[in-house]
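Everything on this sheet refers to the single structure shown next.
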Amino acid sequence: MPLLFDPVTNIVKSITINEDIPKAVVSQTQNEFRGMKIRHRQGTFGKIDHELSRAAALLEYVARELKGIRIPLKVLAKAACVSEKKFKNFHLHVGNFRRQNGNV
């Protein structure tokens, strides 16, 4: 039986940091990920925009806001399969979108 593709869970499983990421953070990230798909249907955040990058960027914001967990962008970029420089720029675009749409 095939499993459904969940980019947030894939990112959480592929990163290694000193702290465990709580289920509440994963759940909130999944909710924001679904909401972003609805609010930003036809648009894109740049050349590296794909589901893994969006999930990684959202996970960093949600983990920091809810639990104060700092996840290095280098680790997230590696999990999303993009360069750190490109991911850093993408991360800023996602953050600006969240601020403009009242998620922060």
Side-chain angles (χ1 to χ4, degrees):
M1 178 183 260
L3 297 174
L4 295 175
F5 177 72
D6 179 17
V8 176
T9 305
N10 286 347
I11 292 293
V12 169
K13 287 181 180 179
S14 65
I15 63 173
T16 53
I17 57 172
N18 295 338
E19 303 177 56
D20 287 337
I21 297 175
K23 289 186 181 196
V25 170
V26 175
S27 177
Q28 180 64 30
T29 305
Q30 289 169 333
N31 289 340
E32 285 199 27
F33 184 78
R34 284 189 291 271
M36 185 178 281
K37 273 186 163 181
I38 293 168
R39 287 192 311 271
H40 197 58
R41 263 180 236 133
Q42 67 276 20
T44 176
F45 292 112
K47 291 182 181 178
I48 67 160
D49 186 13
H50 53 80
E51 291 190 341
L52 285 177
S53 331
R54 283 187 185 199
L58 285 172
L59 178 66
E60 194 281 328
Y61 281 115
V62 172
R64 185 167 20 117
E65 291 165 2
L66 289 183
K67 299 292 183 180
I69 299 171
R70 297 276 182 185
I71 305 172
L73 292 183
K74 182 183 222 177
V75 172
L76 291 169
K78 185 175 180 183
C81 305
V82 295
S83 72
E84 185 179 358
K85 183 179 178 183
K86 289 180 181 177
F87 184 76
K88 193 174 194 178
N89 190 29
F90 178 78
H91 182 264
L92 290 173
H93 286 296
V94 171
N96 290 338
F97 179 80
R98 290 180 74 237
R99 258 188 301 287
Q100 290 172 357
N101 289 290
N103 285 13
V104 177

Counting C-beta onward and ignoring hydrogens, is there a side-chain heavy-atom pair between [X] and [Y] closer than 4.5 Å?
{"X": "Pro22", "Y": "Ile69", "value": "yes"}
{"X": "Glu19", "Y": "Arg70", "value": "no"}
{"X": "Ser53", "Y": "Leu76", "value": "no"}
{"X": "Val62", "Y": "Val26", "value": "no"}

Atom [atom1] of [X] and atom [atom2] of [Y]: how far apart are they, to the nearest 0.5 Å?
{"X": "Gln30", "Y": "Leu58", "atom1": "CD", "atom2": "CG", "answer": "11.0 Å"}
{"X": "Leu52", "Y": "Asn10", "atom1": "CG", "atom2": "CG", "answer": "6.5 Å"}
{"X": "Thr9", "Y": "Leu59", "atom1": "OG1", "atom2": "CG", "answer": "10.0 Å"}

Heavy atoms only: give me the nearest [X]-[Y] pair and the separation to one decimal.
{"X": "Met36", "Y": "Phe97", "result": "CE-CD2, 3.8 Å"}
{"X": "Ala55", "Y": "Ile11", "result": "CB-CG1, 4.1 Å"}
{"X": "Val25", "Y": "Thr29", "result": "O-OG1, 2.7 Å"}

**Prompt:** Less than 4.0 Å between a side-chain N and a carboxylate O, is that true for Lys37 and Glu32?
**Reply:** no
Validation: residues 79-93 side-chain donor-acceptor distances under 3.5 Å, sequence neighbours left out:
unit_1: Ser83; atom_1: OG; unit_2: Lys86; atom_2: N; d: 3.3
unit_1: His91; atom_1: ND1; unit_2: Tyr61; atom_2: OH; d: 3.4
unit_1: His91; atom_1: NE2; unit_2: Glu60; atom_2: OE1; d: 2.8

Could you walk me through whether Arg98 and Glu65 pass the side-chain contact (heavy atoms from CB on, under 4.5 Å) test, one step at a time?
CA-CA 12 Å; Arg98 290 180 74 237; Glu65 291 165 2; 3.0 Å; yes
| said: Main chain of Lys23, side chain of Ser27: is a donor-acceptor contact present, judged purely on distance under 3.5 Å? | reply: no
